[in-house]
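Predicted model, so just to flag it, every value in this text is computed and none were measured. Only heavy atoms go into these numbers, but all of them, side chains included; no hydrogens, no water, no symmetry mates.
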Amino acid sequence: MIHVYFIRHGQTQWNCERRLQGRTDIPLNEAGKQQISAYQLPSNFSSLRWFHSPLLRAQQTAELLCVEAQTEMALTEMSWGEWEGKTLQQLRSQDPSYFAKQEALGLDLQPQNAESPRLVAARVSTWVESLAIDNEEHYIGCVSHKGVIRAIYALATNWNMLGKAPHKMDYHCAQHFCFDRGSWSIVELNIPL
């Protein structure tokens with residue numbers, strides 16, 4: 001059984017502009033740096049084995065949190081393919097029919113040359129499963145991305161990403177999930193930082 005605490009990276013300029021970042025390597029902006037610097041990690045987080053996405057915004061967040069973290073490719077944000085750098089408003093107006101068809105796929109939404117949330121969750125699950133080398137409980141911390149956290153949340157709640165999510169997640173908080181025998185469950189959402 002593996003306990004996984006996810007923390008989303010701090011704010012970037014593209015977050016402010018509501019652009020889909022995906023794999024585009026955008027750094028934290030000044031507000032994002034201040035936001036993360038103000039976080040106070042719970043005391044039990046100091047014993048976690050930490051990992052971060054290879055993207056700069058996650059690396060910078062891990063550094064500002066003062067955690068010794070290893071780079072892990074599986075924690076990379078979902079690829080939005082041809083949608084990266086665009087806003088949802090732009091996408092809706094460019095091709096309303098295609099956008100609506102993709103949106104209706106929920107967990108299987110996959111724009112051209114992109115990745116679906118289901119594929120993201122499978123990628124992260126495979127990596128986490130590889131960490132379970134014995135029957136003991138393991139605790140890890142991950143500095144990652146909203147798309148990754150939402151994909152894991154969808155599996156943990158059996159949410160198809162259509163309609164409103166069963167819970168409201170605050171992405172300025174940590175999210176605690178458990179992975180056991182191939183399935184995810186929620187332990188605690190919205191742990192204050």
Between the main-chain N or O of [Y] and the side-chain N or O of [X], is there a donor-acceptor pair closer than 3.5 Å?
X      : Y      : answer
Gln102 : Gln110 : yes
Asp25  : Leu56  : yes
Arg23  : Glu77  : yes
Gln60  : Leu28  : yes
Asn190 : His172 : no
Ser37  : Gln34  : no
Arg19  : Gly85  : yes

Examine the side chains of [X] and [Y] and answer whether a donor and an acceptor come within less than 3.5 Å of each other.
X      : Y     : answer
Trp127 : Glu72 : yes
Thr12  : Gln21 : yes
Ser144 : His9  : no

Heavy-atom closest pair, residues [X] and [Y]:
X      : Y      : answer
Ile152 : Ser125 : CD1-OG, 4.5 Å
Ala151 : Pro117 : CB-O, 3.4 Å
Val148 : Leu75  : CG2-O, 3.7 Å
Met1   : Cys178 : CG-SG, 3.1 Å
Leu107 : Ser116 : O-CB, 3.8 Å

Exercise for the section: Decide side chain to side chain donor-acceptor pair (under 3.5 Å) for Gln35 and Tyr39; before the verdict, give the C-alpha distance in whole Å, the side-chain angles of both, and the deciding distance to 0.1 Å. Expected result: CA-CA 7 Å; Gln35 165 204 349; Tyr39 284 176; 2.9 Å; yes
A quick test of your reading: do over 12 heavy atoms of other residues, nucleotides or ligands sit less than 6.0 Å from [atom1] of [X]?
X     : atom1 : value
Asn44 : CG    : yes
Glu17 : CD    : yes
Arg92 : CZ    : yes

Exercise for the section: Determine, using ring centers only, whether Phe99 and Trp83 are less than 6.0 Å apart. Expected result: yes
Exercise for the section: Run the ring-centre check on His3 versus His176 and record whether the distance is less than 6.0 Å. Expected result: yes
Would you compute the distance between atom [atom1] of [X] and atom [atom2] of [Y] and round it to the nearest 0.5 angstrom?
X      : Y      : atom1 : atom2 : value
Leu20  : Lys146 : CG    : NZ    : 10.0 Å
Tyr171 : Asn15  : OH    : CG    : 12.5 Å
His167 : Gln175 : NE2   : CD    : 11.0 Å

Practice task
Apply side chain to side chain donor-acceptor pair (under 3.5 Å) to the pair His145 and Ser53, showing each step before the final yes or no.
Solution key: CA-CA 8 Å; His145 306 270; Ser53 155; 2.8 Å; yes
Practice task
Could you check if a side-chain atom of Leu48 sits within less than 4.5 angstrom of a side-chain atom of Tyr5, using non-hydrogen atoms only?
Solution key: yes
Exercise for the section: Look at Arg123 together with Glu115 and state whether they make a salt bridge at an N to O cut-off of under 4.0 Å. Expected result: yes
Exercise for the section: Please assess Trp184 against Tyr153 for the test ring-ring contact (aromatic ring centres under 6.0 Å, His included), listing each intermediate value before the final yes or no. Expected result: CA-CA 8 Å; Trp184 289 93; Tyr153 170 81; over 10 Å; no
